[in-house]
Amino acid sequence: MFVPLSRPDITGQEIEAVIDIMKSGILSIGPKVKEFEEAIADYVGLKHAVAVNSGTSALHLIVRSLGLEQGQTMLTSSFTFVSSANVAIYEGAIPVFADIEESSLNISPQTLEEALERYAKKGLETDCMNLPPFQPDLFMGVDIFGHPMDWDEIERICERNGLPVIEDSCEALGTVYKDRKAGSFGLAGAFAFYPNKQITTGEGGVIVTNDASIAQMCRSMRNQGRGISENWLEHVRLGYNYRLDELSSAMGLEQMRRIDEILSKRDSAAKRYSELLSRIDGVTVPAIADYVTSLGWFVYVIRLEDSIDRDGFMDYLRDNGVQCRDYFRPVHLQPFYIKQYGYKEGMLPVTERVSRQTVAIPFFSNLSQEEQEYVAETITRAVERSG
């Protein structure tokens, strides 16, 4: 049996919607983008949504709309996809990091306060740079793997320190923290719609916010810096070609019409995995904090005991038809970050330890019980061989 790491949940409804757009002759800058934006904004419960061509573009436009500048610093997690930090570099700013907690794998209120205190007292010194004591200029909170941060406490800490907040909710569509949807925290949030996400547009992303000025700025910058009138040859600011096309928007709109069904299937698959895998010695299944009302599952990531050879474990899974990946490698230890900033091992001990233990296993909406049982059996054998 072969079980892929991910597979999009596409039905005839999405296919027909894309065919209709192709027949219409309007492939870009048409009505479907607006319809898709309205569907996202309504779902999250915010006033504005701005569709773009990727989650990375969404995060970039948010940080740029907030005026992050050369030499400033943005605090975020290192246990995330690299774009969470890269968008600060796009603006000449410096990404700095807080460690994560063991359970949620997110920055916690405690690790956030520890990082703020450390930077305020000691600054940051590496082989490549020396920052005297400072307070970060922006905080990007990441809802890793769809699990939300403890947002009430996080926002209180940031407000007390005068620290603006944005939410990288790219992996968390459908997640509810207490009674609030992911994406609704801070000044603005972002979602991504790559094929392994909860819903997909092929490639795509969206900015969500209640701030009209952020939404207006992002709309302009995604469209080559054109103004409100969108005069095709008038550019009022530096912009980018970050637009989302009509075909992608049509697909996304049909996916949003099925969002409850999709999330329910993913939740059922996650619960089956937790039941199957919690019986295996040496394997820890994902924890869900008490403050999570519902989790919009993005991926299913297990943790292995240190005694298990992860590389051998993963090789065995792949050799037996089970795709897997080591989610995530710390951003601060990526080759570019080491070369550019002098970051090194030992800076973020929990992040570094967790990153050596985590493995993403096959997970998608239509994952069958038979496939999950095969994955669990293969993991059992892999643990026995790699321990």
List in chain and number order the residues that pass side chain to side chain donor-acceptor pair (under 3.5 Å) with Q255, two or more places apart in sequence or in another chain; answer none if no residue qualifies.
E14

Here the salt bridge (Lys or Arg N to Asp or Glu O under 4.0 Å) pairs for residues 108-121, sequence neighbours left out, are E113-R160, E117-K121

Can you pull out every salt bridge (Lys or Arg N to Asp or Glu O under 4.0 Å) where at least one residue sits in residues 86-98? Sequence neighbours excluded, please.
R64-E91

Would you please name every residue forming a side-chain contact (heavy atoms from CB on, under 4.5 Å) with Q357, sequence neighbours left out?
R303, D306, R353, V354

Hydrophobic cluster of Y90, others only, ordered by chain and residue number, side-chain cut-off 4.5 Å
V50, V52, L59, L61, I62, V63, L66, L68, M74, V87, L138, M140, I166, L187, I207, I214, M217, M221, L238, Y240, Y242

Hydrophobic cluster mates of I21, side-chain heavy atoms under 4.5 angstrom, ILVMFWY only, any path?
I10, I15, V18, I19, M22, L27, L247, M251

Go through the structure and list residues passing side-chain contact (heavy atoms from CB on, under 4.5 Å) with R329, not counting sequence neighbours.
D326, Q334

Using the test side-chain contact (heavy atoms from CB on, under 4.5 Å), find all partners of K178 that sit at least two apart in sequence or belong to another chain.
D152, Y291

Can you run down the salt bridge (Lys or Arg N to Asp or Glu O under 4.0 Å) pairs that involve residues 35-57, sequence neighbours left out, and say none if there aren't any?
K32-E35, E37-R219, E37-R222

What residues form a ring-ring contact (aromatic ring centres under 6.0 Å, His included) with F193, not counting sequence neighbours?
F36

Contacts of T358 that satisfy side chain to side chain donor-acceptor pair (under 3.5 Å) - sequence neighbours left out
none

Restricting to pairs with a member in residues 332-351, which pass salt bridge (Lys or Arg N to Asp or Glu O under 4.0 Å), not counting sequence neighbours?
D127-K344

